[in-house]
Amino acid sequence: MGFLAHLTEKPWLEGESQGVDTDGGGIFSLPTPQIGLRVFLIVATVLFTLFIVAYTDRMVVADWRPMPEPWLLWVNTALLIASSVALHGAWVGADRGRIDDVRAGLYAAGVFAFAFLAGQILAWQQLVAMGYFAASNPANAFFYLFTALHALHLLGGLVAWGRTTAKVRRGLAPGQVHLSVELCAIYWHFLLVVWLVLFGLLLLT
Amino acid sequence: MAYVAPGETSLVPPAEVAEVDLYHAKSWITKYVFSQDAKVIAIQYAFTAIAIGLVALVLSWLMRLQLGFPDTFSIIEPSQYYQFITMHGMIMVIYLLTALFLGGFGNYLIPLMVGARDMVFPFVNMVSYWVYLLAVLVLIASFFVPGGPTGAGWTLYPPQSITAGTPGSEGGIVLMLVSLALFIVGFTMGGLNYVVTVLQARTRGMSLMRMPLTVWGIFIATILALLAFPALFVGAVMMTLDKLLGTSFFMPAMISLGEQLEYDGGNPLLFQHLFWFFGHPEVYIVALPAFGIVSDLISVHARRNIFGYRMMVWALVAIGALSFIVWAHHMYVSGMNPWFGFFFATTTLIIAIPTALKVYNWTLTLWKGNIQLTVPMLFAIGFIVTFLNGGITGLFLGNVVVDVPLSDTMFVVAHFHMVMGVAPLMVIFGAIYHWYPLITGRMYDEALGQIHFWVTFVGAYTIFLPIHYLGFLGVPRRYFEMGDTSFIPESAATLNAFVTVVALIVGFAQLVFFYNMARSYTKGKIAGRNPWKANSLEWQTEEFPPGHGNFGATLPLVYRWPYSYGVPGVAEDYLPQNVPPDEVVTDEGPGASGA
């Protein structure tokens, strides 16, 4: 039954609740970890949205000096897209029961993700070398804040990725790792979208 | 009155909800320390929260001593007074009330009440507690760093919170912000569990509208917290960077102690918006679980089905939604556009509608009920009265024109202590007394409980009613001492001394509660199963008190809502949720009804 039907039930009336929810359990047919991840993604979306609101509030003050985006960020963006695509490949592989595809996808996604993080650190170093310190302008401060926060989320994702990869290495069947791979892929796509939004915001302002 | 069916004819199919792979503790450590059992985690949350709450209670005594007898206690410095205020407020609101309602009662009651074996992510749930404990330890550590804890007021407004001259502006504030960030991370882990467990792990027949209102209150409050705490997180992170890296997110160009600071262009108001975008929902994060619990206490102890169940659910949802668009009523004096203030005054007053609806429904549940004046019931009624009082002064303060003269006076202090301090504490006490037999298997001492209630209830009014009056006189809040102030009569000082004496008495009277809890744990009368004759599932477990895995071999099947009290034709005046219709004992005998 739908969510609305749940909320319009009249539990105090005789007969009204006949057949209601007798199948028990969840509102959503997705597996529980899927729901957990989605709730977390909502919380993370609120978090990033509030940071963006703070950004737009702060940028209207006169002392705001937009900072240049190093070309390296474009490379990093490409790496993150590649990581997401690779993980999606692993997901499709798990769907089709091909463990080799899963393994290859996971490895590639990991390599690209670590490369992305290394690239972000390089970009930080370039900017610091050019004299763009966090304290010298709020635009710089927001840049470091956004990238650091995004990288921390990705690091958290890499923990899950590590556990999933370990499962595959232990020789589990595609069906047994399907859910883990799927969760990683969804999280990766989410972080990619977050990065594209943040990067777009930095480019436009 | 709605007719409550003795048992719906729909037979719940016997198939089971899929069994969760239960985690089984292998050693004493994993059973009682690093436990993944929500009931143990709940107790851990509760003990930690109450312990840190006692620290905050002692801080309030120190403040009251200073206010009541300004020239007597030379050991209390002005800077310490600010630190006491700040830590008292922060601890009570976040580390006690939020943690106890959601981490404590949420963990204990959600799985039991919805008929689940445990939370859906037990490991994450365990980590949630340990991160919370770490947050508390970091908070305590701030008492011992050079300069002491922060004295910026619990709202931590920049620029003063991180500027030299404010107590604890070096180490204290940084530890405070780190502790808050940790708390939020820990809470998010717990919150995911509470929400997903309610959505996905209910037992067969436990539709959303058959959940006890306690679960509804905790569920909606958790959603609020998951959406509101990120705002505090954003504020805390950005302020930490302002302090440690010298960024200027919130810090404007300013001269402090004769020196031009490095900061430039930051917006302190932005922090206020972020803080209150969290801070107002926080009021309801504490209030909604209290609303839910009180509904159940009243229904059980008045032997009456809750009046307007569905209305109560929708009121919780409406209050939760509205609480996100009222935050700026905390900022009327920050220099806002009058239209902005008008908007927020309007939304604030609108919240009174669903809230009043709940108060009416509680009253109507009591109406012609078979009221048992047990200790939980006394506290529940105490809550309704106190919440009503505190809510009405909230209507005063919600109006811009009334708020401006009363802003930053003791009237505000009295208002939020009534509505957010005393009222939720009433529910916490009531809930602890109500579920004490479930947790320990023994009854508390009734006489000591009655003494505890009356001293606390009468005492709370003796403390806070005079403080409303002091506020009308214009006594400002957050002042170390008044000295000679022409518009404040001398009698205000006498009143302050009186309030201090009462506060100390009421504070020490809480020892009665702790003695009662501790003594009854070993010496109390054996409670027996379901001593309150309640309908909800937590009382119907095979093992009593509920053991690991909550229920026996099979999960209970639910046939009706939890409020079937005094059903016509049924022999007993209650009808538990899991009694099959064909086993209902009617006036004519077992299973004789057509059901």
Side-chain angles (χ1 to χ4, degrees), chain A residues 1 3 5-28 30-40 42-51 53-55 57-58 60-64 133-138 140-142 144-145 148-149, chain B residues 2-6 8-13 15-18 120-121 124 188 191-193 195-196 199-210 226-227 229-231 233-234 237-238 241 245-249 262 264-267 270 273-274 277 305 309-310 313-314 557-558 560-561 563:
Chain A
M1 69 190 293
F3 196 65
H6 268 280
L7 295 184
T8 48
E9 196 195 334
K10 292 177 182 152
W12 57 88
L13 289 183
E14 186 170 18
E16 176 71 21
S17 39
Q18 275 187 18
V20 161
D21 209 30
T22 43
D23 47 348
I27 295 285
F28 306 101
L30 289 168
T32 304
Q34 287 270 22
I35 308 291
L37 178 67
R38 277 164 174 76
V39 176
F40 176 73
I42 292 171
V43 175
T45 307
V46 173
L47 183 76
F48 282 107
T49 307
L50 285 166
F51 271 115
V53 169
Y55 180 88
D57 180 275
R58 186 65 182 82
V60 295
V61 181
D63 67 337
W64 186 271
F133 302 113
S136 41
N137 197 273
N140 312 353
F142 269 110
Y144 290 114
L145 183 59
L149 206 71
Chain B
Y3 172 66
V4 183
E8 294 79 43
T9 43
S10 66
L11 277 174
V12 181
E16 265 281 347
V17 175
V120 285
F121 312 119
V124 179
T188 305
L192 285 178
N193 263 301
V195 169
V196 180
L199 286 178
Q200 299 300 102
R202 284 164 293 109
T203 187
R204 252 170 201 280
M206 179 63 81
S207 62
L208 286 180
M209 283 297 174
R210 284 176 177 177
L226 286 175
L227 299 179
F229 270 122
F233 189 84
V234 170
V237 167
M238 285 164 61
L241 294 179
L245 294 186
T247 56
S248 298
F249 292 119
E262 298 276 313
D264 191 24
N267 184 1
L270 175 60
H273 281 293
L274 285 170
F277 186 75
N305 65 300
Y309 174 87
R310 205 163 68 172
V313 172
W314 283 106
L557 302 183
V558 169
R560 60 187 68 79
W561 73 337
Y563 298 108

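Order of the sequence lines sets the chain letters (A, B, ...), proteins ahead of strands, with each chain counted from 1. Because only heavy atoms are used, hydrogens play no part in the values below, and waters and symmetry mates are left out as well, while side chains stay in.
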Please classify the contact of [X] with chain B as side chain, backbone, both or neither, using a heavy-atom distance under 4.5 Å.
| X | answer |
| --- | --- |
| A/L47 | both |
| A/V61 | side chain |
| A/F48 | neither |

Considering non-hydrogen atoms only, spot the tightest contact between [X] and [Y] and give its length.
| X | Y | answer |
| --- | --- | --- |
| A/V43 | B/P230 | CG1-CG, 4.0 Å |
| B/G266 | A/R58 | N-NH2, 3.3 Å |
| A/A135 | B/G246 | CB-O, 3.5 Å |

(Q) With chain B as the partner, which of A/N137, A/V39, A/V53, A/D57 has the greatest number of non-hydrogen pairs under 4.5 Å? (A) A/D57

(Q) Can you tell me which of A/I42, A/T49, A/N140, A/T32 forms the most heavy-atom pairs within a distance under 4.5 Å of chain B? (A) A/T32

Q | B/S207 and A/E9: side chain donor to acceptor below 3.5 Å | A | yes

Q.
Less than 4.5 Å apart, side chain to side chain, heavy atoms only: is that true for B/T247 and A/P138?
A. no

Q: Among the options B/L270, B/N193, B/L226, B/L274, pick out the one with the most heavy-atom pairs lying under 4.5 Å from chain A.
A: B/L270

Q | Pick from B/F121, B/F249, B/F233 with the largest number of heavy-atom pairs that fall under 4.5 Å of chain A | A | B/F249

Q. Where do A/F51 and B/M238 land on the side-chain contact (heavy atoms from CB on, under 4.5 Å) test, with the steps shown first?
A. CA-CA 9 Å; A/F51 271 115; B/M238 285 164 61; 3.9 Å; yes

(Q) I'd like to know if the side chain of B/R310 and the backbone of A/T8 have a donor-acceptor N/O pair within less than 3.5 Å. (A) yes

Q: Run the numbers on B/L245 and A/F133 for side-chain contact (heavy atoms from CB on, under 4.5 Å), then give the verdict.
A: CA-CA 10 Å; B/L245 294 186; A/F133 302 113; over 6 Å; no

Q: Give, for atom CD of B/Q200 and atom CD1 of A/I35, the distance between the pair rounded to the nearest 0.5 Å.
A: 4.5 Å

Which region of [X], side chain (C-beta onward) or backbone (N, CA, C, O), has a non-hydrogen atom less than 4.5 Å from a non-hydrogen atom of chain A, or is it both or neither?
| X | result |
| --- | --- |
| B/V313 | neither |
| B/T188 | side chain |
| B/L227 | both |

